Amino acid sequence: MPIRLETGFIFDLRYIPFIIVALFGGYRNVFPLYILLNIIRFYVGGEGTIHSLLFSTGVLILVPLFSKRFTRLESKGRMIAATCFSFLTMGCYLISLAWVIKDLDHKFWMLVVNALGTYTLVMLIIMILIEKIIANIKGRDRILYSEKLNVASELAASVSHEIRNPLTVTNGFLQLLAKSQTVTEQEKRYINLSLLELKRAEKIVSDYLSFAKPQSENMVYSNMREEVDYTHEIIMPYALLHNVDVRLTFNNTLKAHYDRNQITQCLINLYKNGIEAMTEKGGGTLLIDISEKKQNIMVRIEDTGIGMTNEEISHLYKPRYSTKEEGTGLGMLMVYSTLNKVKGNIEVHSEKGKGTTFLLTIPASTVETFEMNKK
């Protein structure tokens, strides 16, 4: 139910969904809405038709430019930004309307107050509802994801220990056979191949064991400085081999309790994946930044590699999924599992051909909490 002005212009709320789609979806998603908006406006008719076309074109060009920055904001930031965009859009519309009307009477200023107030309030209410829906979806996914990791952890702990025993025995007997004088060269070749496959099987079992619950003897209460320095030294030769420049910055004073071995392996897996992602491009830069924000330890790992699509990102935590031909998918599953155990969070931002950024959020804890968890 639009408000028809005496000048022939129409005032309604059509720019609210237009702005929301432009901010969340960018040019690709808002363009069909732009076409639909103007078709309906031309069908309705009136003196403001051409003015509406020009104004909506301006909104189409400008607002989606901020889409990527907008989607990276936190929930509260998105609500504030969308409300501001709505206020500014209606403000520009009213300024252009004033330019046409020229005779600004009491009715016009009443329209200004009501229009700005309505657009701002309606946009704020809709954004609150949208963010609530997003939070509910993320909460549901987090619960499902946590349950999957717990099942994987329990299965890994029970099955891996049972498999290791026969693997060790078989490995020992094969090594004895390889030293026998009666074994032919052809048979030795078969034995060596079997030993290599056993070694690979043991590595897979070890990877699955990393999903088990944190071991009390490995639990520490620290700011992660020691683990970060250690993994940095470990990964440097591998980075140099692949022409990757590693840049490390550490600015964190907060402490958390965690399994040292699991956090170390988690960081190594992420560093290694970043370096390998840059191999196809002949090298690049791996940025490692450890900082603090509010009461969280923030670990940012950014590469300039080949990047990933949104579909590839959505499958990262699934067992046996890997973007590499020879990958098992267990490395990233271990990363997600480790973050889940410390009640942390992981965000992935990637663009095909430009690189990937992993942002780990680990809640800080007190000494009292650490002592309670040890018990």
Side-chain angles (χ1 to χ4, degrees), residues 2 9-44 48-97 115-116 118-120 122-135 137-138 141 277 281 302-316 323 347-359:
F9 283 77
I10 294 175
F11 171 75
D12 53 30
L13 301 177
R14 64 184 180 273
Y15 285 108
I16 288 181
F18 192 75
I19 292 169
I20 290 173
V21 175
L23 289 174
F24 277 104
Y27 288 105
R28 183 188 300 176
N29 294 289
V30 80
F31 187 74
L33 196 60
Y34 164 78
I35 299 296
L36 181 64
L37 182 149
N38 284 290
I39 288 174
I40 295 173
R41 184 64 186 86
F42 271 89
Y43 175 77
V44 172
T49 303
I50 301 300
H51 177 272
S52 176
L53 173 63
L54 295 174
F55 188 78
S56 61
T57 303
V59 175
L60 173 71
I61 294 171
L62 295 175
V63 177
L65 287 173
F66 301 92
S67 178
K68 289 184 179 179
R69 292 183 184 178
F70 176 80
T71 53
R72 291 179 182 177
L73 293 172
E74 294 181 356
S75 177
K76 190 177 293 184
R78 285 196 294 267
M79 286 191 287
I80 295 171
T83 305
C84 290
F85 271 109
S86 179
F87 182 87
L88 291 172
T89 301
M90 183 45 52
C92 292
Y93 179 83
L94 292 168
I95 290 171
S96 61
L97 186 61
L116 290 175
T118 302
Y119 256 76
T120 303
V122 171
M123 176 61 85
L124 181 60
I125 292 172
I126 291 176
M127 282 303 299
I128 289 172
L129 293 174
I130 290 174
E131 291 301 329
K132 188 66 177 176
I133 292 170
I134 293 173
I137 292 172
K138 285 184 177 180
D141 291 343
K281 299 177 73 173
E302 183 177 348
D303 66 63
T304 56
I306 57 175
M308 294 180 288
T309 62
N310 290 332
E311 185 179 355
E312 289 173 332
I313 292 173
S314 66
H315 289 86
L316 281 179
T323 56
E347 294 180 23
V348 186
H349 303 287
S350 186
E351 191 171 348
K352 204 67 178 175
K354 292 188 177 181
T356 304
T357 300
F358 284 89
L359 183 62

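Since the structure is predicted, the reported quantities are computational estimates derived from the model, not experimental observations. The first residue in the sequence is number 1, and the count goes up from there.
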Suppose we screen for side-chain contact (heavy atoms from CB on, under 4.5 Å). Which residues come up paired with Y27, at least two apart in sequence or across chains? P64, L65
Is K354 atom NZ crowded by more than 12 heavy atoms from other residues, nucleotides or ligands, each under 6.0 Å away? no
Among side-chain atoms of Y15 and S56, is any donor-acceptor pair under 3.5 angstrom? no
Could you tell me whether the side chain of S86 and the main chain of Y119 form a donor-acceptor pair under 3.5 Å? yes
With no hydrogens and no angle check, is any side-chain donor or acceptor of T118 less than 3.5 Å from a backbone partner on A115? no
Taking side chain as C-beta onward, heavy atoms only, is I50 less than 4.5 Å from F42? yes
If you round to the nearest 0.5 Å, how far is CD1 of I126 from CD of E131? 12.5 Å
Can you tell if the side chain of H349 reaches within under 4.5 Å of the side chain of K68, non-hydrogen atoms only? no
Counting neighbours of CZ on F31 that are heavy atoms of other residues, nucleotides or ligands and sit closer than 6.0 Å, is the number greater than 12? no
Within the 4.5 Å heavy-atom criterion, are Y34 and T57 side-chain neighbours or not? yes
Sorted by chain and number, sequence neighbours left out, ring-ring contact (aromatic ring centres under 6.0 Å, His included) with F18 holds for none
Within 6.0 angstrom of F24 CZ, more than 12 heavy atoms from elsewhere: yes
Do R78 and I130 have side chains that approach each other closer than 4.5 Å (heavy atoms only, starting at C-beta)? no
